[in-house]
Amino acid sequence: MNLGKYKNIIFYISTIAFFSCLMYWFFVEGKTLEIGENIAPSKATGATMWENFVDSFLTNLHHPLALLLAQIVTIIMVAKLFGWVCVKLKQPSVIGEMIAGIVLGPSLFGLYFPELSAFIFPKESLPNLQFLSQIGLILFMYIVGMELDLSVLRKKAHDAVVISHASIIIPFALGVGLSYFIYKEFAPDGIQFSSFALFIAIAMSITAFPVLARIVQERNLHKTKIGTVVITCAAADDITAWCILAAVIAVVKAGSFSGSVFVILMAILYVFIMIKAVRPFLTRIAESQKGKGFISKALVAVFFLILIISSYATEVIGIHALFGAFMAGAIMPENVKFRNLFIEKIEDVALVLLLPLFFVFTGLRTQIGLLNDPHLWKIGGFIILTAVTGKFVGSALAAKFLKLSWKDSLTIGALMNTRGLTELIVLNIGYDLGVLGPELFAMLVIMALFTTFMTGPCLDLINYLFKGKKSIEDDEDKENDAKYRVLLSFETPESGSTLLKLADNLTHKMNGNKSVTAMNIAPIDELHAFDIDNYEKEQFKDVIETSNELNLEVTTLFKASTDIENDLTNITNKGNYDLLLIMLGKSMYEGSLLGRLLGFTTKIINPEKLLNTVKGKGYIFNNSPFDDFTLQILDKTNIPVGVLVEKDFKSAERIFIPIFNLSDFYLLEYAKRLINNNNSQIIILDAGGQIRSNIEVKELIRSIEQVAPNHITLYNEKKIEKEFLDSQDLMLISSKSWKNLIDTKSLWLSDIPSTLIISNP
């Protein structure tokens, strides 16, 4: 063993030494080859090593690649910061990213920090930023096309065709009218009125389907009739608007309607080929991958080639590469899982890395400082008024014409008025074509921000104004007030099934006097508009199966959220529930220096992973009896909360309840409920020695025994054996006593069964 080890060392040293000497000889001899050659003098001549380093460092700092990487880092950090702020303000994160773009542009950052702005965003670097942002836009439009559910559009388009067409033609006409009054003042030189008017009209007509879909999901409207109508309208609007935009671009580039005829005919031929030839080809390829659960790299290459060729074709035809990207996404196979797999491959790169570059590039073009006259701000206000009137009022009146209620009509109008990122894309195309000047471009960007930002407050105001209206749901809520109502909130399907079994143990024999609701709140970033129904079915699959096994009627509640914690507590507090059941979560870095410094929190449902092993047997937290998420829920809810620490829980047949002090006696009410509904055997440990001296508690125990004799036992032993704990199905404990067990690092924690921690508000 040792001899072999020394042989390896000797071989290693010999090899390094020999080849190092060989290289040194080559360098020495190679120096002689420079004789007679025109060799530039060394930069070190006449300069210190530090000066050479500084010169080299500054040169590297201004290298195009280094500059681009610095820009990307700055853009992503600022965009995510503003996006996070907007989420906290109950606004879509895209609004924050749009604002971040303007902040980093000449309107703010360039105005107050001109030297730093010129250093990070020099003019010569902007073409690189533009081309990279265009790649991001191409990928984004590809995703938008894939997220359109054309099957739903085909089935339900007739229900929304009036609203959809009205929400385009009314603002389009108002946009043409607006352009009539501002053409002389704001149209760039050499731009025909028709080109100018068409671009203003399309800017008034746009609806941002991706942003609208997220708002519908977040507000839990996707299952309602109004949600279906508005999604269908937005999808139809998206397709119609991009087709109109393609035609408008063709007209602008050709200079006249007659000159654009050949371009439009080529565009129609392109669409025909994509639908009749390319789409069936892609469908056959997708079918060959059915059931595999992954997409091969060769297949990914095929789809990316289709995307690039499609974008290239539309750019060459003259209707912009983004239309080709949108079309390539729209003709993707309609298999939801296949689309999901493909979106996951490109979504993070497109939305997180590349798309913020587009916002900042737009911001660098937006010079709000040019609007330095009250007259210009009046024009800007008039543009916003025209946009809101055409889209909001036009859509609402069309919905009312279809005999929808005023609340639903106004809600549709507010949602259809959302313009978001799609509007910025259109404005940038107009700016690139020279149709929009800098002043008008800035006004229209402000309009895009304003109309997107107003969607949330408008929906809240509409709900407030119509909150007094009675509905069937209100009557059902009154009927449920007399029931014992249990809400269980779960993250994984398995945890939902477990919590449902526990809820059944608490309510099994109550028949019509109970109500059990299973709720799943999912992060909205993980959902796609076309996949939300399948996602919900997968999440509730185990819950539905368990409810059928238990013969338990359960109401399911699904919600997409940007703030799970607040949404959970709001639903709990406003729902007249009597008990909330949740699983114990855990911060990944809780109690560690890294956790205190960074504040990272990652919820994990499985207690095997979230609890630290004590003496190799059981589980205990580092510093806290609960994880951060659970603590927030306990602090903000105004009803009792049951937190389950799950260790293979099946049914609460044998239950152990330790009573440490008088404040724990409320647990006996839950013991009584479990006896009455599940015939559970209860063992009460008088851990604090206070039961024997308390007459009220004795009477309560006696009353339970009279109704259910031999179901409750008082245990006075001070020492709890492992065998005893192993024989129990569930431990019922107060949150205060649980905290005490954690603080004292009780030996119980190594052997406890599944534990339900009850916290009273």
Closest approach of [X] and [Y], non-hydrogen atoms and distance?
X: Lys391; Y: Asp237; result: NZ-OD2, 3.0 Å
X: Val263; Y: Ala250; result: CG1-CB, 3.4 Å
X: Pro171; Y: Ala166; result: CD-O, 3.6 Å
X: Ser310; Y: Tyr270; result: OG-OH, 2.6 Å
X: Ala197; Y: Val176; result: O-CG2, 4.3 Å
X: Leu129; Y: Leu364; result: CD2-CD1, 4.0 Å

How far does [atom1] of [X] sit from [atom2] of [Y], to the nearest 0.5 angstrom?
X: Leu65; Y: Asn128; atom1: CG; atom2: CG; answer: 9.5 Å
X: Leu421; Y: Arg419; atom1: CG; atom2: CZ; answer: 14.0 Å
X: Glu439; Y: Glu185; atom1: CD; atom2: CD; answer: 7.5 Å
X: Leu68; Y: Phe131; atom1: CG; atom2: CZ; answer: 13.0 Å
X: Leu212; Y: Thr452; atom1: CG; atom2: OG1; answer: 10.5 Å
X: Leu132; Y: Leu357; atom1: CG; atom2: CG; answer: 5.0 Å

Inset, instruction - Show your reasoning for whether side-chain contact (heavy atoms from CB on, under 4.5 Å) applies to Phe323 and Ile249. - result: CA-CA 11 Å; Phe323 181 81; Ile249 293 171; over 6 Å; no
Inset, instruction - Evaluate the ring planes of Phe193 and Tyr183, with Trp represented by its six-membered ring, and classify them as parallel (under 30°), tilted (30 to 60°) or perpendicular (over 60°). - result: perpendicular
Inset, instruction - Could you label the plane-to-plane angle of the Phe326 and Trp242 rings as parallel, tilted or perpendicular, counting under 30° as parallel and over 60° as perpendicular? - result: parallel
Legend entry - Residue that, paired with Phe392, satisfies side-chain contact (heavy atoms from CB on, under 4.5 Å) out of Thr418, Asn417, Thr451: Asn417
Inset, instruction - Check Ile231, Thr207, Ile215 against Leu415 for a side-chain contact (heavy atoms from CB on, under 4.5 Å) and give me the one that passes. - result: Ile215
Inset, instruction - Could you tell me whether Phe361 and Phe121 have their ring centroids closer than 6.0 angstrom? - result: no
Inset, instruction - Report the C-alpha separation of Phe181 and Ile379 in whole Å, then their side-chain angles, then the decisive distance to 0.1 Å, and conclude whether the side-chain contact (heavy atoms from CB on, under 4.5 Å) test is met. - result: CA-CA 10 Å; Phe181 293 99; Ile379 297 296; over 6 Å; no
Can you find a heavy atom in the side chain of [X] that is under 4.5 Å from one in the side chain of [Y]?
X: Ile200; Y: Ile383; result: no
X: Ile99; Y: Phe453; result: no
X: Phe359; Y: Val103; result: no
X: Phe140; Y: Ile425; result: yes
X: Leu139; Y: Leu351; result: no
X: Met447; Y: Leu444; result: yes
X: Pro457; Y: Gln91; result: yes
X: Pro122; Y: Gln71; result: yes

Legend entry - side-chain hydrogen bond (donor to acceptor under 3.5 Å, both in side chains) partners of Glu97, counting only residues at least two apart: Lys80
Inset, instruction - Start with the C-alpha distance between Ile244 and Phe172, add both sets of side-chain angles, then the distance that settles side-chain contact (heavy atoms from CB on, under 4.5 Å), and finish with yes or no. - result: CA-CA 11 Å; Ile244 294 174; Phe172 198 92; 3.9 Å; yes
Legend entry - Sidechain-backbone polar pair: Thr389 side chain, Thr386 backbone, donor-acceptor under 3.5 Å: no
Legend entry - Flag, side chain of Ser107 to backbone of Thr366, donor-acceptor distance under 3.5 Å: yes
Legend entry - Result of checking Arg365, Gln134, Gln130 against Asn428 for side-chain hydrogen bond (donor to acceptor under 3.5 Å, both in side chains): Arg365
Inset, instruction - For side-chain contact (heavy atoms from CB on, under 4.5 Å), just list the numbers for Val388 and Met454, CA-CA rounded to whole Å, side-chain angles, deciding distance to a tenth of an Å, and then say yes or no. - result: CA-CA 10 Å; Val388 173; Met454 68 181 283; 3.9 Å; yes
